[in-house]
Number of protein chains: 2
Amino acid sequence: MVGIRERARAEHILDIKRVAGEQLSTSGAAGVSLRAIARELGMVSSAIYRYFPSRDELLTALIVDAYDSIGSAAEQADAAVVDRNVRTRWIEVARSAYRWAGEHHTEYGLIFGTPVPGYAAPQDTIGPATRFTTVLLSLLVDAQRRGDVNAAPTTIRPDIRRELASMRARLEIDIDDQLLAAGLLSWVTLFGTISFIRFGHFTNVIEDCDTYFEHVLTHLGTSVIGFA
Amino acid sequence: MVGIRERARAEHILDIKRVAGEQLSTSGAAGVSLRAIARELGMVSSAIYRYFPSRDELLTALIVDAYDSIGSAAEQADAAVVDRNVRTRWIEVARSAYRWAGEHHTEYGLIFGTPVPGYAAPQDTIGPATRFTTVLLSLLVDAQRRGDVNAAPTTIRPDIRRELASMRARLEIDIDDQLLAAGLLSWVTLFGTISFIRFGHFTNVIEDCDTYFEHVLTHLGTSVIGFA
DNA sequence: ACGATGCGTGAGCACTGCTCTCGTTGGGTG
DNA sequence: CACCCAACGAGAGCAGTGCTCACGCATCGT
């Protein structure tokens, strides 16, 4: 049987992260206060340290949760595509990221925004961080396998081909240079667009950001990656 | 003649911003402390408030300076291209942004990173903020005028054409839909790539980020915008 | 049954942004 | 030139922060 302490501990950790998440969405990362969390949970501030050794560790936990959240959103969006058409899958996955960023504004800023100087992402974060890109990569792998892609060939310099080959080996995937480069560029442009929209760089530039995002989406799928 | 006070005031403001900038680059935006600045300048903390009404205003001043800094870097890079070839100008301007981001890591994070919730960019920032994009836009205008551009036509939906037309009217520029859309996409991809590199999202993904950036640069200039 | 360990408490340290009052001093005005 | 207001620096003080530590109590494994 699981002990009373163990259960209470798990619940407390959840409570702390919940309140911290509320503070995060209302006041940003700077507004997450251990003392305020303790106050809201009816405990003394020093008690928090029994569960998180420092404020940084709490934020790290929130980062991990955020990566997991956007990753699982993408996984679900991908799984929901019944006909497994790679073009549809790409659009749905990209849309899920856009939607997630809109619904979790500050969490998005936490993982795709300014990194804290001197704060090296702990090992705990790199696992969840790859969850989203894994969805994207498996999508590309399937596209390659099914031959559902025919992009206009672009010139790729030898040093970049070497870089791509190294990446291919590291990830143990079978995607040719053309598709891999296009996928990489689309990945960056996808989050570049989301960041520009969510961080307000399109103010006074683009009025209907939702529509523009859809445009970028189809453009990337059609002209850059070249899904059939 | 300019008074003693006026001169002293201007110098103090410069001093405060200088020390704040040092703190910014070593400890990030969160590490900028009015009291620490006052200590370093040998004045009492409350004296700072004679020059900046709040910490936020100080940060705003740093943001304005950062926008000005990257803007003037781009202007200089553009002006240094003697033959006025638009392709060369694009590459030099984009490179200047990449270089600036590398040399001013935290300042870059300040303007392209996570926005503070509830912090609406004051009017003071929007002027300097457009300085970089103005360089980019004038480059596109020249390309259009000289006919130095021949991109593969992509499909642009009517609602996006409407958005582009509105943008064209607002900015009072003469760039056709095709080029404007390509420029917009390149702008986003440019800063998306810089952010991914500088914010560490390419760790364990791309080894030689400098080379990859050069690749993206030429790709955007050639395949997306299509400079002659 | 007992000892080690987990846990909540409260005081305390060093720090933060910001406010207020109090003299002093510089600089336009009569 | 004298005067008076505004700008200024100093210092105390308030409310808040992250974090540490010694202290007891409760729980759990032996």
How are the rings of A:Phe112 and B:Phe196 set to each other: parallel, tilted or perpendicular (split at 30° and 60°)?
parallel

I want to verify a distance call: between D:dA22, C:dT16, D:dA10, whose nearest atom is closest to the B:Arg35 side chain?
C:dT16

If you find the nucleotide of DNA chain C closest to B:Ser45 and the one closest to B:Arg5, which residue's nucleotide is nearer the 5' end?
B:Ser45

Write down the distance between CG (A:Asp56) and P (D:dT17), rounded to a whole number of angstrom.
17 Å

B:Ile4 CD1 to D:dA6 C1', in whole Å, measures 16 Å

Rounded to whole Å, how long is the line connecting atom CG of A:Asp15 with atom P of C:dG8?
12 Å

What contact category does A:Phe52 fall into here, base, sugar-phosphate, or nothing, at under 4.0 angstrom with non-hydrogen atoms?
nothing

Please work out if A:Arg55 contacts a base, only the sugar-phosphate, or nothing of the nucleic acid, heavy-atom cut-off 4.0 Å.
sugar-phosphate

With a 4.0 Å cutoff (strictly under), does any side-chain N or O of B:Arg9 reach OP1 or OP2 of D:dC8?
yes

Would you mind telling me which of D:dA7, C:dG17, D:dA12 lies closest to the side-chain atoms of B:Ser46?
D:dA12

Show your working on side-chain contact (heavy atoms from CB on, under 4.5 Å) between A:Ile175 and A:Leu137 and close with a plain yes or no.
CA-CA 9 Å; A:Ile175 304 176; A:Leu137 278 172; 4.1 Å; yes

Closest of C:dC18, D:dC23, D:dA10 to the B:Met43 side chain is D:dA10

Grab the CZ-C1' distance between A:Arg50 and D:dC23 for me, whole Å please.
11 Å

Quickly work out the B:Leu34 CG to D:dA10 P distance and round it to whole Å.
16 Å

Would you call the rings of A:Phe191 and A:Tyr108 parallel, tilted or perpendicular, taking 30° and 60° as the class edges?
parallel

Nearest whole angstrom, please: distance from the P of C:dT9 to the CG of A:Leu41.
11 Å

B:Ile16 has an atom CD1; how far is it from atom C1' of D:dG9, in whole Å?
12 Å

Is the phosphate of D:dG9, meaning OP1 or OP2, less than 4.0 Å from a side-chain N or O of B:His12?
yes

On the nucleotide D:dC8, are OP1 or OP2 found under 4.0 Å from the side-chain N or O atoms that B:Tyr49 carries?
no

Let me know the distance between CZ of A:Arg39 and C1' of C:dG10, rounded to the nearest Å.
16 Å

Cut-off 3.5 Å, side chains only: do A:Ser166 and A:Arg162 have a donor facing an acceptor?
no

Among C:dG10, D:dA10, C:dG17, the one nearest any side-chain atom of B:Ser33 is C:dG17

Both A:Pro53 and A:Ala36 contact DNA chain D. Which one's nearest nucleotide lies toward the 5' end?
A:Ala36

For the residue pair A:Tyr98 and A:Phe213, categorise the inter-ring angle as parallel (less than 30°), tilted (30 to 60°) or perpendicular (more than 60°).
parallel

